[in-house]
Amino acid sequence: MFKPERFLERMFSPCEFIPFGGGARRCIGEALAQFEMKLVLATMLSRYRLAMADQSPEHFQRRGITFAPARGVQMILSEKF
């Protein structure tokens, strides 16, 4: 049974949360969600132009088992002509 309120009961470390789970208890909707994300991204990239707001090099930091931008990434979204 899915209980989203369990995330309110305590703070989880970055290593404890993996989207869609893993192993035998993997989310059955993962394939659809991944497909939808690709479709949304493809639609956005075909209609809009993305540019970095700050041209300075980005530094990455480790977050659990993944890497992420240390400061976040600011983007400018403009419509293609």
Side-chain angles (χ1 to χ4, degrees):
M1 175 183 216
F2 179 65
K3 290 177 44 177
E5 62 273 7
R6 74 182 184 276
F7 293 104
L8 300 174
E9 294 169 1
R10 73 179 180 95
M11 292 297 296
F12 291 89
S13 74
C15 295
E16 291 181 274
F17 177 72
I18 299 177
F20 307 115
R25 299 183 65 130
R26 184 172 219 106
C27 176
I28 62 172
E30 177 186 12
L32 177 61
Q34 293 284 351
F35 175 72
E36 287 177 333
M37 285 190 280
K38 290 175 186 177
L39 192 60
V40 167
L41 183 61
T43 302
M44 285 182 62
L45 292 175
S46 70
R47 295 181 185 175
Y48 300 98
R49 180 174 295 127
L50 293 171
M52 301 274 295
D54 183 10
Q55 296 298 323
S56 63
E58 182 59 57
H59 300 284
F60 295 94
Q61 70 181 25
R62 190 174 174 104
R63 291 192 185 159
I65 60 173
T66 62
F67 287 96
R71 299 175 292 136
V73 178
Q74 298 288 322
M75 300 294 292
I76 299 171
L77 182 70
S78 58
E79 201 168 344
K80 284 186 177 179
F81 298 104

Excluding Val40, membership of its hydrophobic cluster (Ile, Leu, Val, Met, Phe, Trp, Tyr; side-chain heavy atoms within less than 4.5 Å) reads Met44

Report, as yes or no, whether the 6.0 Å neighbourhood of atom [atom1] on [X] holds more than 12 heavy atoms from other residues, nucleotides or ligands.
| X | atom1 | result |
| --- | --- | --- |
| Ile28 | CD1 | no |
| Gln74 | CD | no |
| Phe60 | CZ | yes |

In short, side-chain hydrogen bond (donor to acceptor under 3.5 Å, both in side chains) pairs touching residues 30-40 with sequence neighbours left out are Arg26-Glu30

Which pairs would a plain distance check flag for residues 45-56, meaning a side-chain donor or acceptor within less than 3.5 Å of a matching protein atom at least two apart in sequence or in another chain?
| from | atom 1 | to | atom 2 | distance (Å) |
| --- | --- | --- | --- | --- |
| Ser46 | OG | Ala42 | O | 3.4 |
| Ser46 | OG | Thr43 | O | 2.8 |
| Asp54 | OD1 | Ser56 | N | 3.3 |
| Asp54 | OD1 | Ser56 | OG | 3.3 |
| Asp54 | OD2 | Ser56 | OG | 2.9 |
| Asp54 | OD2 | Arg71 | NH1 | 3.3 |
| Gln55 | NE2 | Met52 | O | 3.0 |

Hphob cluster co-occupancy, Met75 + Leu77, side-chain heavy atoms under 4.5 angstrom: yes

Next item on the list: Return the minimal non-hydrogen interatomic distance between Ala70 and Arg63, and the atom names on each side.
Entry: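 In this case the closest contact between Ala70 and Arg63 is O-NH2, 4.4 Å.
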
